[in-house]
Amino acid sequence: MLIKLSDINLNLEELRSSAGVSKSIIFIHGFSGSSNDWKFVPAKIKEGYNLYAVDLPGHGKSGSPEDIKAYRTSSLINQLFSLLNFIQGSEIILAGYSMGGRAALQLAVNFPGRLNGLILESASAGIAEDRARLERIEADEKLAHFIETRSIEEFADYWMGLDLFNTQKILGKEKLAAVKKAKLSNNKTGLANSLRGFGAGSMPPVFDSLKTIGIKTLLITGKLDVKFTGMNALMAALLPSADHKIITNAGHNVHLEQPDKFCGAVNAYIKKL
């Protein structure tokens with residue numbers, strides 16, 4: 001369903017809903033993904049929770065405005081907060097992957113007490129060092145230009161060929177073809193503006209604010225993703241109540257490479273809430 005907000009129309013997919021259930025989990029995809037990435041979760045997540053997935057600005061069925069303001073951190077936080085209000089009366093857990101994890105983390109920092117749980121898969125708290133942040137902004141601008149001047153298929157081939165996603169080769173040609181096909185439905189303007197507005201360099205780092213997140217937080221990383229596993233170990237030490245699950249035989253995208261193990265970690269987490 002499309003939800004009309006002041007600066008954009010956001011698509012929210014209802015994956016599973018049960019009468020009388022007041023608890024919900026909202027799943028947020030990563031860069032160049034969409035709500036379709038989470039179609040598998042209703043069969044694997046324990047009953048007692050309504051399940052939703054959102055398309056971030058510039059992705060899936062959500063709008064792709066020309067105005068960069070709709071993609072910036074402050075706008076994104078307000079957009080997600082509006083979605084929480086749309087699902088009224090619910091105890092809500094946000095579950096975000098990579099870029100979606102950064103978005104979920106920003107909301108948790110800016111609206112303490114609004115969430116009942118937080119699940120971050122292969123996410124980061126931003127880039128603390130000024131020079132490194134500027135370098136990332138420059139790199140994202142180059143990628144945004146690449147997206148705008150090449151075909152969406154060329155971008156998908158480039159993105160899926162990054163070293164970060166090497167571990168996905170074990171999935172086989174058929175599944176990788178389906179992943180690529182899903183990426184082809186995205187909007188080039190939306191993807192480019194997402195990098196400019198909410199890239200890891202553009203997002204304000206929140207390391208100093210992690211101590212304010214009082215809710216139980218689940219961090220999930222793949223053991224083969226050494227970089228993000230190290231990042232999340234540091235984040236776990238800063239969060240007041242965090243559990244870091246490292247999934248074997250998985251890289252950056254744990255829910256794609258090891259869906260059963262990913263959902264097993266989520267089920268174990270929500271059982272403790």
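What you see is a predicted model, and the numbers here were worked out from it, not measured in a lab.
- Residues K183 and S32 have side chains that bring a donor and an acceptor to within less than 3.5 angstrom of each other.
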Legend entry - salt bridge (Lys or Arg N to Asp or Glu O under 4.0 Å) between R133 and E129, worked out: CA-CA 6 Å; R133 194 159 59 249; E129 204 271 320; over 6 Å; no

List the atom pairs, donor and acceptor, that lie under 3.5 Å between side-chain atoms in residues 167-176 and the rest of the protein, sequence neighbours left out.
| residue | atom | partner | partner atom | Å |
| --- | --- | --- | --- | --- |
| T167 | OG1 | E257 | OE1 | 3.0 |
| T167 | OG1 | E257 | OE2 | 3.0 |

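- Considering every non-hydrogen atom in both H29 and S35, the closest pair reads CD2-N, 3.9 Å.
- L5 is connected to L107 through a chain of hydrophobic side-chain contacts under 4.5 Å among Ile, Leu, Val, Met, Phe, Trp and Tyr, so both are in one cluster.
- Closest approach of N187 to T189, counting heavy atoms only: OD1-N, 2.8 Å.
- Of all the heavy atoms in N166 and G161, the pair that sits closest is OD1-O, 4.5 Å.
- The two residues S124 and M231 come nearest to each other via the heavy atoms CB-SD, 3.9 Å.
- Taking both residues in full, the closest heavy atoms of I127 and A132 are given as CG2-CB, 3.7 Å, listed atom of the first, atom of the second, then distance.
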Inset, instruction - Please report the C-alpha distance between K216 and D243 in whole Å, then the side-chain angles of each, then the deciding distance to 0.1 Å, and finally whether the salt bridge (Lys or Arg N to Asp or Glu O under 4.0 Å) criterion is met. - result: CA-CA 8 Å; K216 290 184 181 296; D243 187 14; over 6 Å; no

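- Contact check on K188 versus E148 returns no salt bridge, with no Lys/Arg side-chain nitrogen under 4.0 Å from an Asp/Glu carboxylate oxygen.
- Under the 3.5 Å distance criterion, with hydrogens and angles disregarded, a donor-acceptor pair is assigned to the side chains of T248 and K261.
- Residues S98 and H252 bring a donor and an acceptor atom of their side chains to less than 3.5 Å of each other.
- Contact annotation: the side chain of I28 approaches that of L94 to within less than 4.5 Å [non-hydrogen atoms, C-beta and beyond].
- The two residues S202 and I137 make their nearest non-hydrogen contact at N-CG1, 3.9 Å.
- Considering only heavy atoms from C-beta on, S18 stays 4.5 Å or farther from Y49 through its side chain.
- Close placement of the F31 and W159 rings is indicated, their centers lying within 6.0 Å of each other.
- N11 and S62 are not linked by any side-chain donor-acceptor pair at a separation below 3.5 angstrom, with hydrogens and angles left out of the test.
- Residues I119 and I220 form a side-chain contact, since some pair of their non-hydrogen atoms from C-beta on lies under 4.5 Å apart.
- Under a 3.5 Å cut-off, the side chain of N267 and the backbone N or O of C263 do form a donor-acceptor pair.
- Of the charged side-chain nitrogens involved, at least one lies within less than 4.0 Å of a carboxylate oxygen, so that D260 and K44 count as a salt-bridged pair.
- Relative to the six-membered ring of F198, R102 meets both conditions, a distance below 6.0 Å and an angle of at most 45° to the axis.
- In the hydrophobic clustering (ILVMFWY side chains linked at under 4.5 Å, chained through shared members), L234 stands by itself.
- No side-chain heavy atom of R16 sits less than 4.5 Å from a side-chain heavy atom of N50.
- Inspection of the Q79 and S82 side chains reveals no N or O donor paired with an N or O acceptor under 3.5 Å.
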